[in-house]
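Only one structure is covered here, and it is reproduced in the block below.
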Amino acid sequence: MDSSIFLFFTFTLSLLITLINAQTLRTYIVHLHPNSKTTSLFPSPRQWHLSFLTQTLLDEQPPSSRLLYSYTSAVEGFAAQLSESEVQYLRKLPDVIAISPDRRLEIHTTYSYKFLGLGVARQGGDMAWYKSRFGSGAIIGVLDTGIWPESPSFDDRNMPPVPERWRGVCQQGEYFNSSNCNRKLIGARYFTKGHSVASMSSGVGIIPEYMSPRDAHGHGTHTASTAGGNSVKMASVLGNGAGLAQGMAPGAHIAVYKVCWINGCYSSDILAAMDVAIRDRVDILSLSLGGFPIPFFDDSIATGSFRAMEHGISVICSAGNNGPLQSSVSNEAPWISTIGASTLDRRFPAFIRMRNGKILYGESMYPGNHLLRKETNELELVYLTSDGNEGSEFCLEGSLPREKVRGKIVVCDRGVNGRAEKGQVVKDAGGAAMILANTEINLEEDSVDVHVLPATLIGFSESIRLKRYINSTRLLKARIEFGGTVIGKSRAPGVAQFSARGPSLTNPSILKPDVIAPGVNIIAAWPQNLGPSSLPEDTRRVNFSVMSGTSMSCPHVSGITALIKSAHPNWTPAAIKSAIMTTADITDHTGKPIMAGSNKMAGVLEMGAGQVNPVRAINPGLIYDIKPDDYVTHLCTLGYSTSEILTVTRKNVSCRELLETNKGFSLNYPSISVIFSRGKAIKMFEKILTNIGSPNSIYSVEVMAPEGVIVRVMPKRLVFRHVNQSLKYKVWFITRKTRKIESSFGQGYLTWVHSENRFYRVRSPISVTWRK
């Protein structure tokens with residue numbers, strides 16, 4: 001055989017094998033025994049991790065080519081690319097306790113600080129900010145899509161020096177260098193290995209974006225400024241929502257960990273970021289991302305956050321946007337603060353005045369176009385549903401015939417493609433304006449967008465009225481009238497339609513979400529590479545834009561956590577969470593119950609403990625504290641095996657011994673979740689309250705019992721002689737429920753009230769479930 005032919009054949013065969021391997025390799029996270037004796041045989045953890053690959057790999061590639069990350073702080077283990085057969089072999093090696101595939105997670109996508117009472121003297125908000133020194137000294141680590149450092153929200157004027165304990169770096173990369181960090185943005189890193197190999201193995205080309213901490217999508221810039229952005233005067237979105245913009249903790253420092261890219265956030269990258277953030281010594285980790293609920297031992301956020309909690313780091317996560325489905329809440333671990341979304345009383349009215357004189361209410365952030373002012377001529381209205389173009393009712397790309405929509409107001413149903421994208425489709429087809437109509441799925445949800453053409457969003461009830469008008473009239477004409485920004489004229493807060501609901505799927509003994517916070521139509525910082533609609537065709541540039549989602553509610557609580565941490569630096573993450581939960585509001589600003597939609601009062605499954613109240617949370621009076629070992633016992637009550645608990649906590653325990661020692665154990669959580677199984681009529685919980693208020697404080701209990709349940713509390717009065725004194729109480733739940741009652745769920749509240757100062761009301765929500 002000719003030597004050149006032989007070399008070509010050898011090269012082709014080698015390339016083919018490489019391609020086959022590339023197609024069959026997947027990223028896995030390997031958890032190792034934290035107390036292994038073999039660790040000491042190697043010069044570094046990385047070398048120890050490589051030794052497992054050396055024993056396992058079936059090809060001749062160097063082990064380092066397969067290793068993506070070595071983890072030492074968040075978990076003990078590594079992430080590597082492996083074939084299925086290699087995974088099976090690796091599972092059998094000593095010191096390997098668990099292997100889980102890399103998971104792709106999603107990001108959960110000004111005025112709000114005032115709405116929550118901060119900076120408002122009559123509500124005590126000035127005192128809350130001054131007592132916490134605006135969050136000075138606290139470090140908020142934000143895991144997201146990166147940051148746009150030039151935003152005025154990250155200017156470091158009036159910021160204190162970088163804390164001496166800080167160990168982080170300002171990682172250089174594409175259009176990002178060390179000079180982009182300052183006393184506000186004190187650190188920035190990016191993690192792309194999991195994302196990169198997943199993009200290659202899926203056959204999807206990597207879409208160009210900044211290979212650096214710089215934000216190409218806006219989400220990370222938005223969330224970081226919501227949590228700890230500096231004050232910016234005259235902030236607005238093209239004139240809408242104008243005012244002073246600032247984060248919840250404007251004096252806090254921000255550290256950014258870019259883990260989310262164009263096609264998602266991979267758990268191997270997230271775990272690597274948490275691993276580093278722990279060593280960097282952040283105080284808070286803010287994660288506006290997640291997936292579907294899975295057991296904690298398979299959940300990288302749950303495992304990584306446990307180790308963070310042990311280091312005194314509060315981990316705040318979004319609850320997810322899969323509401324109003326029951327049990328849709330994600331990030332359910334009890335050591336995580338899980339945040340749902342609520343509405344503000346700020347509206348952006350954009351009315352539809354129809355030719356028959358009827359007016360429909362809508363909302364929009366489009367800055368009132370001169371062609372559609374109140375005094376101008378009406379435009380023809382068109383709604384294409386049976387035109388022969390599939391998807392025309394949704395205004396999908398290519399579905400709108402130019403001759404039928406040119407110069408008209410086009411009605412587009414929500415769904416399938418993005419809200420702002422529909423507007424671009426209408427504009428490209430020659431349409432003059434758009435009415436975005438909610439469907440039965442969205443109901444009255446009012447998440448506005450900065451559309452590329454005049455547009456308004458109407459709720460489902462108004463959508464029905466509009467379509468009734470369309471079906472009853474031949475000459476369809478209407479106009480859109482933009483009403484600017486209106487504050488204080490509507491009831492709020494209310495639970496957002498999209499906000500994920502409880503009960504927890506994997507851990508129903510803990511009520512989730514924990515609290516709700518503003519997450520609808522939130523104005524915050526925005527990068528200069530994107531228009532406010534996020535569409536590539538949008539050439540407008542702004543410093544601020546609007547977004548909605550539990551992604552937006554999460555950083556509100558991250559910033560509030562920074563305020564509490566700054567005011568009380570020695571408090572544990574559990575103590576801070578207790579302060580936030582037990583002081584939350586269950587009524588809106590009119591004094592009426594918080595609603596979940598226009599006709600339904602919000603329950604504990606929708607809002608947890610209620611709407612976060614930072615003014616009261618900074619000084620809660622009493623707290624429910626939890627030690628890290630208590631969470632281990634809690635996992636035993638869930639039936640977790642020894643290896644599963646070892647994966648989550650890095651603790652090798654005997655559940656039989658733990659449960660024998662802690663008979664009747666219940667986690668000292670600020671909320672109470674009661675589950676009655678068949679044949680069980682009584683449940684008892686023992687709780688411990690710690691006084692962090694004044695000495696010689698007396699608290700009495702008030703109970704709003706769930707329907708069908710008798711509640712008994714002993715003692716009914718707690719007398720605290722000293723600060724930091726802890727006292728126990730027991731509460732019994734006795735079911736009176738019979739099978740004749742159809743409902744399988746009930747709710748109530750247990751509140752400890754200070755005898756002299758009713759500002760101190762330490763309230764715990766109660767959920768009761770009867771299992772068949």
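In what follows, residues are counted from 1 in the order of the sequence shown.
Of the N and O atoms on the side chains of Thr550 and Asn321, at least one donor lies less than 3.5 Å from an acceptor on the other residue. One side chain, Tyr760 or Asn619, offers a donor N or O that lies under 3.5 Å from an acceptor on the other. Side chain to side chain, Asp585 and Thr587 fail the donor-acceptor criterion of an N or O pair below 3.5 Å. A donor-acceptor contact closer than 3.5 angstrom is absent between the side chains of Asn507 and Ser504. The closest side-chain donor-acceptor pair between Tyr361 and Asp446, if any, does not fall under 3.5 angstrom. For the residue pair Gln747 / Ser767, no side-chain donor-acceptor distance below 3.5 Å is found, with atom types taken as modelled. Side-chain atoms of Asp102 and Ser268 include a donor-acceptor pair closer than 3.5 Å. A donor-acceptor contact under 3.5 angstrom links the side chains of Ser342 and Gln611, judged on distance only. Using modelled atom types and a 3.5 Å distance limit, the side chains of Asp144 and Thr223 yield a donor-acceptor pair. Defined by atom type and a distance below 3.5 Å, a donor-acceptor pair is present between the side-chain atoms of Thr690 and Ser726. Using modelled atom types and a 3.5 Å distance limit, the side chains of Ser463 and Asn438 yield no donor-acceptor pair.
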Test side-chain hydrogen bond (donor to acceptor under 3.5 Å, both in side chains) applied to Ser700 and Trp752, step by step: CA-CA 5 Å; Ser700 299; Trp752 290 96; over 6 Å; no

Worked check of disulfide bond (SG atoms under 2.5 Å apart) between Cys317 and Cys554: CA-CA 6 Å; Cys317 293; Cys554 168; over 6 Å; no

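A heavy-atom distance below 4.5 Å is not found between the side chains of Arg347 and Lys489. Val259 has its side chain within reach of Leu289: a pair of non-hydrogen atoms, C-beta onward, lies under 4.5 Å apart.
In this model, Cys265 has its SG atom within less than 2.5 Å of the SG atom of Cys260.
Partners of Arg763 by salt bridge (charged side-chain N to carboxylate O under 4.0 Å, His left out), not counting sequence neighbours: none found. For Lys467, the salt bridge (charged side-chain N to carboxylate O under 4.0 Å, His left out) test picks out Asp413, with sequence neighbours left out. Among residues two or more places apart in sequence or in another chain, the salt bridge (charged side-chain N to carboxylate O under 4.0 Å, His left out) test is passed with Glu462 by Arg465.
Ion pairing of Glu702 with Arg758 is present here, as a side-chain N (NZ or NE/NH1/NH2) and a carboxylate O approach within less than 4.0 Å. Glu445 has a carboxylate O that lies under 4.0 Å from a charged side-chain N of Arg414, or vice versa, which qualifies the two as a salt bridge. Note on Lys512 versus Asp514: salt bridge recorded, some NZ/NE/NH1/NH2 to OD/OE distance being below 4.0 Å.
The distance from atom CD1 of Ile29 to atom OG1 of Thr647, rounded to the nearest 0.5 Å, is 11.5 Å.
Considering Phe296, Trp335, Tyr669, Phe665 as possible partners of Tyr631, the one that fulfils the ring-ring contact (aromatic ring centres under 6.0 Å, His included) test is Trp335.
Both the sub-6.0 Å distance and the 45° axial angle are satisfied by Arg616 relative to the ring of Phe759.
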